[in-house]
Amino acid sequence: MSDDLETLKQDTLSALAAASDLRAWDEVRVATMGKSGRLTGLLKGLGRMSPEERRLRGGALNRLRDELSRVIAERGQELEAQALNARLAAERVDVTLPAAPQPEGTLHPITRTIEEMSAIFGAMGFKVAEGPDIETDWHNFSALNTPAHHPARTDQDTFYLPREEGQEAERVLRTQTSGVQIRTMLSHEPPIRIIAPGRTYRADHDATHSPMFHQCEGLVIDRGITLGHLKGCLSDFLRAFFAQPDLPVRFRASYFPFTEPSMEVDIGWSRKTGQIGAGSDWLEVLGSGMVHPRVLANCGLDPREWQGFAFGMGVERLTMLRHGIPDLRSFYDSDVRWLRHYGTSPLSPALLHEGL
């Protein structure tokens with residue numbers, strides 16, 4: 001090795017040994033191996049030499065480059081390890097100190113209400129069933145005995161999806177979770193006892209209506225089911241949900257295409273104060289009835305053998321009544337203050353009320 005190469009090697013080794021941190025190490029690396037480094041400059045000078053000199057000089061430079069590259073890399077790894085050890089020593093955590101408080105998220109009141117509904121009906125033996133948000137016109141209307149001229153089937157009330165090429169069945173954004181009842185009766189043998197909470201869609205929007213909202217529907221199919229079973233089930237649910245064992249509950253005759261007879265369910269409340277269970281007024285909270293024989297037949301069940309009842313309620317409506325929330329649109333404003341006020345801890349259980 002010529003004198004200038006030996007000098008370069010010794011200078012580099014001395015500079016690396018003196019480098020106390022990664023920044024100083026990088027300066028040595030760049031000064032030696034960088035684009036303007038000493039070794040790089042010597043390699044560029046090979047072009048001005050004769051072939052014989054270039055062969056001898058080039059071999060020596062290549063060997064020096066390999067040696068310095070290895071030494072520089074090893075020194076860099078040593079300094080990285082030293083830096084990591086110093087950082088670990090400086091950032092050591094005292095595990096005996098109390099944890100720093102962190103902001104805690106809350107469950108949306110809609111989520112909480114669905115959890116409580118599932119818990120209450122679960123204690124009665126109901127299972128939670130799910131279905132698609134995009135339904136066929138048959139599952140959403142026809143199978144439920146809804147005639148073609150019914151107002152709910154118009155474009156003003158229902159979101160219809162464009163037909164795709166080769167598609168025969170018309171598709172809609174489900175207006176109710178009743179389609180889950182139909183799918184359950186088609187795929188499961190009775191006895192059936194389910195609730196179907198989920199999102200639904202209708203072309204409406206104001207302080208008490210939303211284009212997207214949540215429903216919880218229920219279905220019971222078995223032999224010997226009567227109106228008494230329906231009244232007992234819904235009365236127990238409402239009294240448990242509002243935590244009032246003596247809550248007045250009234251069943252009032254009504255009409256739905258998919259039930260016969262049909263009933264609206266009212267609870268006692270005060271029109272002046274809005275208090276549930278007080279006063280002499282009545283407030284409608286859900287619809288119900290005995291499953292129409294045509295609906296059973298549409299799902300392949302013999303109405304002479306099987307009978308059942310169904311019900312449906314708005315999740316937002318019951319949540320508004322329970323918490324005294326006046327405007328439905330508040331549920332979807334994403335106001336963090338509102339969510340903190342009405343939200344609940346995700347760690348708190350959906351407690352069942354006494355008397356269930």
Side-chain angles (χ1 to χ4, degrees), residues 111-132 135 139-140 143-145 174 176-200 214-242 245 247 249 251 254 256-265 267 285-315 317-318 349-356:
T111 302
R112 185 60 174 185
T113 297
I114 292 176
E115 284 187 351
E116 293 211 359
M117 288 179 171
S118 301
I120 296 171
F121 281 115
M124 301 181 188
F126 285 77
K127 295 182 178 180
V128 176
E130 296 180 339
E135 276 287 14
H139 285 92
N140 197 76
L144 291 160
N145 196 39
R174 64 181 183 185
Q176 53 206 359
T177 59
S178 303
V180 180
Q181 300 182 30
I182 299 299
R183 292 179 180 274
T184 301
M185 285 189 282
L186 289 171
S187 59
H188 293 76
E189 292 290 333
I192 295 171
R193 187 175 295 193
I194 64 160
I195 59 169
R199 290 185 297 268
T200 54
H214 296 77
Q215 276 192 343
C216 180
E217 298 197 8
L219 174 70
V220 173
I221 301 293
D222 206 338
R223 294 182 177 90
I225 297 296
T226 68
L227 276 175
H229 296 108
L230 166 62
K231 295 176 70 175
C233 174
L234 295 182
S235 296
D236 285 347
F237 164 74
L238 291 170
R239 287 164 180 161
F241 181 79
F242 289 106
L247 177 69
V249 179
F251 292 81
S254 184
F256 302 109
F258 30 82
T259 52
E260 179 62 37
S262 304
M263 293 176 293
E264 302 277 6
V265 183
I267 59 174
V285 289
L286 61 93
S288 64
M290 304 300 291
V291 180
H292 199 289
R294 290 180 184 172
V295 176
L296 293 171
N298 288 338
C299 297
L301 300 178
D302 187 350
R304 293 168 298 182
E305 179 181 2
W306 302 103
Q307 182 56 285
F309 64 82
F311 55 86
M313 63 195 82
V315 177
R317 177 168 176 76
L318 291 185
L351 298 176
L352 294 178
H353 300 296
E354 295 181 3
L356 187 59

Point to revise | Residue pair Pro293 / Pro303: nearest heavy atoms and the distance that separates them | key: O-CG, 3.4 Å
Review point. Hey, does Val128 have a side-chain heavy atom less than 4.5 Å from the side chain of Pro197?
Key: yes
Review point. Can you check whether Met124's main-chain N or O pairs, donor with acceptor, with Arg193's side chain at less than 3.5 Å?
Key: yes
Donor-acceptor pairs are to be reported for all side-chain atoms of residues 217-229 against protein atoms at under 3.5 Å, with residues two or more places apart or in another chain.
{"residue": "Glu217", "atom": "OE1", "partner": "Ser178", "partner atom": "N", "Å": "3.2"}
{"residue": "Glu217", "atom": "OE1", "partner": "Ser178", "partner atom": "OG", "Å": "2.6"}
{"residue": "Glu217", "atom": "OE1", "partner": "Gln181", "partner atom": "NE2", "Å": "2.7"}
{"residue": "Glu217", "atom": "OE2", "partner": "Thr177", "partner atom": "N", "Å": "3.3"}
{"residue": "Glu217", "atom": "OE2", "partner": "Ser178", "partner atom": "N", "Å": "3.4"}
{"residue": "Glu217", "atom": "OE2", "partner": "Ser178", "partner atom": "OG", "Å": "3.0"}
{"residue": "Arg223", "atom": "NE", "partner": "Glu305", "partner atom": "OE2", "Å": "3.4"}
{"residue": "Arg223", "atom": "NH2", "partner": "Glu305", "partner atom": "OE2", "Å": "2.4"}
{"residue": "Thr226", "atom": "OG1", "partner": "Gly228", "partner atom": "N", "Å": "3.2"}
{"residue": "Thr226", "atom": "OG1", "partner": "His229", "partner atom": "ND1", "Å": "3.1"}
{"residue": "His229", "atom": "ND1", "partner": "Thr226", "partner atom": "N", "Å": "2.9"}

Exercise for review: Take Leu296 and Gln307 through the test side chain to side chain contact (heavy atoms under 4.5 Å, CB included) and record every step on the way to the result.
Suggested key: CA-CA 8 Å; Leu296 293 171; Gln307 182 56 285; 4.1 Å; yes
Check your understanding: Does the side chain of Glu130 reach to within under 4.5 Å of the side chain of Val180, using non-hydrogen atoms?
Key -> no
Review point. Hey, does Lys231 have a side-chain heavy atom less than 4.5 Å from the side chain of Val265?
Key: no
Exercise for review: Look up atom CD1 in Ile114 and atom SG in Cys216, then write down how far apart they are to the nearest 0.5 Å.
Suggested key: 7.5 Å
Exercise for review: Check whether any side-chain heavy atom of Phe311 lies under 4.5 Å from a side-chain heavy atom of Thr259, and answer yes or no.
Suggested key: no
Check your understanding: Atom NE2 in His214, atom CG in Leu318: separation rounded to 0.5 Å?
Key -> 13.5 Å
Review point. Side chain to side chain contact (heavy atoms under 4.5 Å, CB included) between Leu301 and Val291: does it pass, once the steps are laid out?
Key: CA-CA 11 Å; Leu301 300 178; Val291 180; over 6 Å; no
Practice item. Check whether any side-chain N or O of Arg174 sits under 3.5 Å from a backbone N or O of Arg199 as a donor-acceptor pair, and report yes or no. Key: yes
Check your understanding: Side chain of Ser262, backbone of Phe256: donor and acceptor closer than 3.5 Å?
Key -> yes
Revision key, fill the gap. Between Ala143 and Asn298 the two heavy atoms that sit nearest each other are O-ND2, 3.1 Å
Check your understanding: Between NZ of Lys127 and CD1 of Ile195, what distance do you get to the nearest 0.5 Å?
Key -> 12.5 Å
Exercise for review: Please round to the nearest 0.5 Å and tell me the distance separating atom CG of Leu186 and atom NE2 of His139.
Suggested key: 5.5 Å
Revision key, fill the gap. Taken to the nearest 0.5 Å, the spacing of Phe126 CZ from Phe237 CZ works out to 10.5 Å
Review point. Is Asn145 reaching over with its side chain to a backbone N or O of Val295, donor-acceptor style, under 3.5 angstrom?
Key: no
Check your understanding: Would you say Ser288's side chain and Met263's backbone share a donor-acceptor pair under 3.5 angstrom?
Key -> yes
**Study point:** Where Glu264 and Gly287 come nearest, the two heavy atoms and their spacing
**Key:** OE1-CA, 4.1 Å
**Study point:** Value rounded to 0.5 Å, distance of CG in Asp236 from CG in Leu247
**Key:** 11.5 Å
Point to revise | Side-chain heavy atoms of Leu234 within contact of Val249, under 4.5 Å | key: no
Practice item. Verify side chain to side chain contact (heavy atoms under 4.5 Å, CB included) between Phe258 and Gln176, making sure each step is shown before the conclusion. Key: CA-CA 12 Å; Phe258 30 82; Gln176 53 206 359; 4.2 Å; yes
